[in-house]
There are 2 protein chains.
Amino acid sequence: MRRDIFQAIADPTRRAIITLIALQAMTPKAIANNFNTTRQAVSKHLRILTECELVKQEQKGREIYYSLEIEKMKEIDNWLEQYRKIWESRFNELEKVLAIP
Amino acid sequence: MRRDIFQAIADPTRRAIITLIALQAMTPKAIANNFNTTRQAVSKHLRILTECELVKQEQKGREIYYSLEIEKMKEIDNWLEQYRKIWESRFNELEKVLAIP
DNA sequence: TAATTGCGAAACCAATTGATTGCAAATATA
DNA sequence: TATATTTGCAATCAATTGGTTTCGCAATTA
């Protein structure tokens with residue numbers, strides 16, 4: 001059961017959850033109310049997101065508030081870095097061609 | 001058969017293929033030789049990558065060269081933008097706290 | 001021309017995934 | 001204390017996934 005961040009964000013519902021809790025912590029029930037799905041399904045998604053440390057939880061009484069571990073998102077950014085270099089260098093190539101002498 | 005870029009990069013083999021063909025076009029056979037897998041398996045991955053327009057192909061005789069459609073990778077970058085804003089703003093908050101008056 | 005090579009596609013299989021249902025535990029409220 | 005609410009977790013099911021095997025087609029080579 002290998003969890004990695006790329007697998008975690010592959011599911012559209014999980015991406016929606018991430019968007020939802022990026023700015024404010026929410027309970028599973030509150031999250032489920034925002035989608036056309038059940039609490040249990042959301043709970044499973046939250047579990048997957050927690051397993052790959054994309055989400056952290058804070059218990060308050062019987063409620064559990066989930067919020068995004070924004071630092072973890074940087075991993076995607078880091079992976080993307082190698083490709084960003086490529087498209088930036090290609091852009092520079094294009095600039096050279098278009099440059100007025 | 002919904003193909004989207006996030007699902008495409010979820011698989012580690014596909015990410016490895018993307019890395020491999022990012023800088024130079026390669027045939028399925030050449031790609032397969034770089035991994036511990038068959039040409040047919042690579043072929044299936046390439047099909048998925050092609051379906052979501054992450055990869056383009058160029059026929060040369062009986063060989064087909066696959067290369068990365070780098071522009072498509074920007075879609076991930078665009079999606080990440082909303083979160084980049086968050087972690088940058090948090091960093092600025094931190095800076096304010098740490099700032100020497 | 002005949003054999004070989006590179007390829008995609010279809011058929012198939014085991015493993016995984018996402019969703020649902022049902023349940024028990026913990027907390028809150030009457 | 002009795003009841004309702006919020007939750008995680010296990011069992012189950014249908015659909016999807018990644019891989020293999022096999023096949024036929026087109027291009028190259030002998």
Side-chain angles (χ1 to χ4, degrees), chain A residues 1-21 24-69 72 76 79, chain B residues 1-21 24-69 72 76 79:
Chain A
M1 218 175 289
R2 317 190 67 250
R3 296 281 175 223
D4 80 40
I5 194 173
F6 292 101
Q7 199 196 346
I9 63 167
D11 184 82
T13 303
R14 282 197 289 271
R15 287 202 301 280
I17 291 175
I18 289 174
T19 304
L20 211 53
I21 63 174
Q24 57 174 350
M26 292 176 76
T27 64
K29 198 188 182 191
I31 295 168
N33 284 343
N34 279 272
F35 303 116
N36 202 11
T37 184
T38 63
R39 179 194 61 78
Q40 283 86 346
V42 168
S43 210
K44 275 193 122 184
H45 286 305
L46 285 171
R47 188 180 165 185
I48 290 170
L49 291 170
T50 304
E51 274 173 13
C52 69
E53 299 173 315
L54 250 173
V55 149
K56 61 192 167 200
Q57 38 185 297
E58 194 185 351
Q59 184 114 23
K60 279 193 177 172
R62 69 181 164 187
E63 293 180 328
I64 300 177
Y65 284 83
Y66 288 85
S67 60
L68 185 62
E69 194 72 74
K72 194 72 178 179
I76 304 168
W79 176 76
Chain B
M1 220 177 292
R2 319 191 64 251
R3 294 285 174 221
D4 80 40
I5 195 174
F6 292 101
Q7 199 196 345
I9 64 167
D11 184 81
T13 305
R14 281 198 288 271
R15 286 202 300 281
I17 291 175
I18 289 174
T19 304
L20 212 52
I21 63 174
Q24 57 173 349
M26 292 178 75
T27 64
K29 197 190 180 189
I31 295 168
N33 283 344
N34 279 272
F35 305 114
N36 202 11
T37 184
T38 61
R39 181 192 60 79
Q40 283 83 348
V42 169
S43 209
K44 274 191 122 182
H45 285 305
L46 285 171
R47 185 183 167 183
I48 290 169
L49 292 170
T50 304
E51 274 173 12
C52 68
E53 298 173 315
L54 251 174
V55 149
K56 62 192 166 201
Q57 38 186 296
E58 194 185 352
Q59 184 114 23
K60 279 192 178 174
R62 68 182 165 186
E63 292 181 329
I64 301 178
Y65 285 84
Y66 288 86
S67 59
L68 184 63
E69 194 72 75
K72 194 72 179 181
I76 304 168
W79 175 76

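Order of the sequence lines sets the chain letters (A, B, ...), proteins ahead of strands, with each chain counted from 1. Basis for what follows: all heavy atoms, side chains included, without hydrogens, waters or symmetry-related copies.
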Inset, instruction - Within residues 52-65 of chain B, find the residues that approach DNA chain D with a heavy atom at under 4.0 Å, and present them sorted by residue number. - result: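 Per residue number, the list reads Gly61(B), Arg62(B).
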Legend entry - Sorted by number, the residues of residues 30-38 of chain A with heavy-atom contact under 4.0 Å to DNA chain D: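 Output list: empty, so none.
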Inset, instruction - Go through Asp4(A) and Arg15(B) one step at a time and tell me if the salt bridge (Lys or Arg N to Asp or Glu O under 4.0 Å) criterion holds. - result: CA-CA 13 Å; Asp4(A) 80 40; Arg15(B) 286 202 300 281; 3.6 Å; yes
Report yes if some heavy atom in the side chain of [X] is under 4.5 Å from a heavy atom in the side chain of [Y]; otherwise report no.
X: Ile17(B); Y: Tyr66(B); value: no
X: Leu54(B); Y: Ile9(B); value: yes
X: Ile31(A); Y: Leu46(A); value: yes
X: Ile76(A); Y: Trp79(B); value: yes
X: Met26(A); Y: Asn34(A); value: yes

Could you tell me how far apart [X] ([atom1]) and [N] ([atom2]) are, to the nearest whole angstrom?
X: Arg3(B); N: dG18(D); atom1: CZ; atom2: P; answer: 8 Å
X: Arg47(A); N: dT16(C); atom1: CZ; atom2: P; answer: 15 Å
X: Leu46(B); N: dG18(D); atom1: CG; atom2: C1'; answer: 14 Å
X: Asp4(A); N: dT16(C); atom1: CG; atom2: C1'; answer: 14 Å

Inset, instruction - Select one nucleotide: of dG8(D), dG6(C), dG18(D), the one nearest the side-chain heavy atoms of Asp11(B). - result: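 Out of dG8(D), dG6(C), dG18(D), the nucleotide with an atom closest to Asp11(B)'s side chain is dG18(D).
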Legend entry - Given dG8(D), dG18(C), dT6(D), the nucleotide with the shortest approach to the side chain of Lys29(A):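 Nearest nucleotide to the side chain: dT6(D).
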Inset, instruction - State whether the side chain of Arg14(B) and the backbone N or O of Gln7(B) hold a donor-acceptor pair below 3.5 Å, judged by distance alone. - result: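 Yes, Arg14(B) side chain to Gln7(B) backbone: donor-acceptor pair under 3.5 Å.
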Legend entry - Donor-acceptor contact below 3.5 Å, side chain Glu51(B) vs main chain Glu53(B):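 Not confirmed, Glu51(B) side chain does not pair with Glu53(B) backbone.
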Legend entry - Ala10(B) vs Gln40(A), nearer the 5' end of DNA chain D by closest nucleotide: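 The answer here is Gln40(A).
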Output yes when at least one side-chain N/O atom of [X] is less than 4.0 Å from OP1 or OP2 of [N], else no.
X: Ser43(A); N: dT7(D); result: no
X: Arg14(B); N: dG18(D); result: yes
X: His45(B); N: dT17(D); result: no
X: Thr13(A); N: dG18(C); result: no

Legend entry - Base dA9(C) paired with Lys44(B) side chain (donor-acceptor, <3.5 Å):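 Side chain to base: no pair present.
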Inset, instruction - Go through the N and O atoms of the side chain of Arg39(A) and the base of dG8(D), and report whether any donor-acceptor pair is under 3.5 Å. - result: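 Present.
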Inset, instruction - Apply salt bridge (charged side-chain N to carboxylate O under 4.0 Å, His left out) to Lys56(B) and list each qualifying residue two or more places apart in sequence or on a separate chain. - result: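 Only Glu69(B) meet the salt bridge (charged side-chain N to carboxylate O under 4.0 Å, His left out) criterion with Lys56(B).
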